[in-house]
Amino acid sequence: MGSPPSAGPFISFLTDFGPDGPAATCRGVMLSIAPQARILDIAHSVRKYAIRDGAFQLWSVLPYVPVGVHLAVVDPGVGTARLPVAIRAGRGDILVGPDNGLLVPAARRLGGIEAARALENDALMLPNRSSTFHGRDMFAPVAAHLAAGRSFDDVGPPVDPAALVDLRFPEPRVAEGRLETAIVFIDTFGNVVLAGEPPDLTAAVGPLQPGARLDLAFGADRNGSVRQSATWQQTFGAVPEGSPLVYENSSGQLAFADNRGNAATRLGLQVDRPVTITSA
């Protein structure tokens, strides 16, 4: 038996385009330039224009994928003065997309930002460029050329990493007897990711044992405030179907959910809503 074929270059791909035409068009562009590329679709159902949702998904997923080129397009400022950029991270990855904060949290998690460059080399882009589809005409071809071996330095002039648009997720605050946090992300199950980790909650309310009762107060919005009682658990199935729980999610963050239910829809929750957690 012969040896297995070597793996081709790796490109991950995230957008808010939806699953149909635009994402497939970008994949076609990349495969036309780098036909041996392995393209991993991280997500194309990012909430429309929600830069931080896309940034959070990149931050969550990229540590678990091979070193490669990571293309991300959540770009409500397409065609404006915002820069198209490539960022080289300490792990060896290159992230390609708009300079609107989308790429920065993941790059920090992949070993930090080593260098950044503006995408200005026309030879690496499609000859006819639309002002409304930079994903197809600029980002996808540049990502494919980089994956196929083109030098990072060839994409355009250097950009001071400190000048990149930054994006930070909400931070928890430990107070006496309570944790003040906020909703960072809501996944497709309606599970609610909160700012902070279990040690933050422990510092606020004491040791966390399965079954410990907690009160969550969700800050007021146009429909008023919401209060919810839940128990601390290690897994969804520890509570009856439909019952709420607080737990440590697979990324090590605090989260709130309904077992086999949609907690965000049930309570009308949205990203950025403040949450205060206390012992019941």
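A 4.5 Å side-chain heavy-atom check between P244 and F256 finds at least one atom pair inside the cut-off. In this structure, I87 and I94 have side chains that are not in contact, with every pair of non-hydrogen atoms separated by 4.5 Å or more. Contact check for P198 versus L254: side-chain heavy atoms found under the 4.5 Å cut-off. In this structure the side chain of I183 never reaches within 4.5 angstrom of the side chain of Q270, judged on heavy atoms. Counting heavy atoms from C-beta outward, T231 and V246 have side chains that stay 4.5 Å or more apart. Residues E120 and P157 form a side-chain contact, since some pair of their non-hydrogen atoms from C-beta on lies under 4.5 Å apart. Side-chain contact between F139 and D75: present, with at least one pair of heavy atoms (C-beta onward) separated by less than 4.5 Å. For the pair V193/I186, no side-chain contact is recorded, criterion being any heavy-atom separation below 4.5 Å from C-beta on.
Using a cut-off of 4.0 Å between Lys/Arg side-chain N and Asp/Glu carboxylate O, D53 and R47 are scored as salt-bridged. Salt bridge annotation for D93-R109: absent, with no cationic side-chain nitrogen under 4.0 angstrom from a carboxylate oxygen. Electrostatic pairing of R178 and E176 does not count as a salt bridge here, judged by no charged N lying under 4.0 Å from a carboxylate O.
From R173, atom CZ reaches atom CD of E171 across 13.0 Å, with rounding to the nearest 0.5 Å. Interatomic distance, R129 CZ to D137 CG, rounded to the nearest 0.5 Å: 7.5 Å. Between atom CD of residue Q228 and atom CG of residue L269 there is a gap of 9.0 Å, rounded to the nearest 0.5 Å. In this structure, CZ in F169 is found 14.0 Å from CG in L194, a value given to the nearest 0.5 Å. Atoms CZ and OG1, on F17 and T25 in that order, are 9.5 Å from each other to the nearest 0.5 Å. Interatomic distance, Q57 CD to D187 CG, rounded to the nearest 0.5 Å: 9.0 Å.
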Open item on the list: If you apply the rule side chain to side chain contact (heavy atoms under 4.5 Å, CB included), what do you find for V85 with L103, and how did you get there?
Closed with: CA-CA 9 Å; V85 295; L103 310 175; 4.1 Å; yes
- [ ] Verify side chain to side chain contact (heavy atoms under 4.5 Å, CB included) between F152 and E114, making sure each step is shown before the conclusion.
- [x] CA-CA 12 Å; F152 175 75; E114 288 193 339; over 6 Å; no
- [ ] Check the pair F10 / V67 against side chain to side chain contact (heavy atoms under 4.5 Å, CB included), numbers first and verdict last.
- [x] CA-CA 8 Å; F10 179 80; V67 174; over 6 Å; no
- [ ] List the steps, then state whether side chain to side chain contact (heavy atoms under 4.5 Å, CB included) holds for L83 with N100.
- [x] CA-CA 8 Å; L83 279 178; N100 59 12; over 6 Å; no
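Hydrophobic clustering (ILVMFWY, side-chain heavy atoms < 4.5 Å, transitive): V74 and L95 are in one cluster. Connection of L71 to V165 is not established within any shared hydrophobic cluster, with ILVMFWY side chains joined at heavy-atom distances below 4.5 Å, either directly or through further cluster members. M138 and I11 fall within the same hydrophobic cluster, defined by Ile, Leu, Val, Met, Phe, Trp and Tyr side-chain heavy atoms under 4.5 Å apart, directly or through other members. Neither L14 nor V69 shares a network with the other; the hydrophobic side chains, linked directly or stepwise wherever heavy atoms of I, L, V, M, F, W or Y lie under 4.5 Å apart, form separate groups for each. Hydrophobic clustering, with ILVMFWY side chains joined whenever heavy atoms are under 4.5 angstrom apart, keeps V142 apart from V159.
Here the closest heavy-atom approach between residue G18 and residue A23 is recorded as O-CB, 3.8 Å. The shortest non-hydrogen separation linking C26 to F13 is CB-CZ, 3.4 Å. Residues R168 and R52 come closest through the heavy atom pair O-CD, 4.3 Å. The minimum heavy-atom distance between D166 and V104, with the atom names listed, is OD1-CG1, 3.5 Å. Contact between D200 and P172 at its shortest, heavy atoms only, is OD2-CG, 3.8 Å. Taking every heavy atom of both residues into account, I113 and P161 meet most closely at CG2-CB, 3.8 Å.
Counting only distance, with no hydrogens or angles, the side chain of T265 and the backbone of N262 share no donor-acceptor pair below 3.5 Å. Panel note: side chain R117, backbone G156; a donor-acceptor pair is recorded below 3.5 Å. Between the side chain of N121 and the backbone N or O of D154 there is at least one donor-acceptor pair closer than 3.5 Å. Remark: the backbone N or O of A195 is paired with a side-chain donor or acceptor of T181 at under 3.5 angstrom.
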Only distances under 3.5 Å count here; give the side-chain donor-acceptor pairs of residues 211-219 to other protein atoms, sequence neighbours excluded, each with its distance to 0.1 Å.
unit_1: D215; atom_1: OD1; unit_2: S229; atom_2: OG; d: 2.9

Could you give the side-chain donor-acceptor pairs of residues 33-44 under 3.5 Å, partners two or more places apart or in another chain?
unit_1: R38; atom_1: NE; unit_2: G8; atom_2: O; d: 2.9
unit_1: R38; atom_1: NH2; unit_2: G8; atom_2: O; d: 3.1
unit_1: D41; atom_1: OD1; unit_2: R27; atom_2: NH1; d: 3.0
unit_1: D41; atom_1: OD1; unit_2: H44; atom_2: NE2; d: 2.6
unit_1: H44; atom_1: ND1; unit_2: T15; atom_2: OG1; d: 2.8

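A donor atom on one side chain and an acceptor atom on the other are not found under 3.5 Å apart for Q253 and S251.
Within the 6.0 Å centre-distance limit, the rings of Y247 and F236 are counted as a close aromatic pair.
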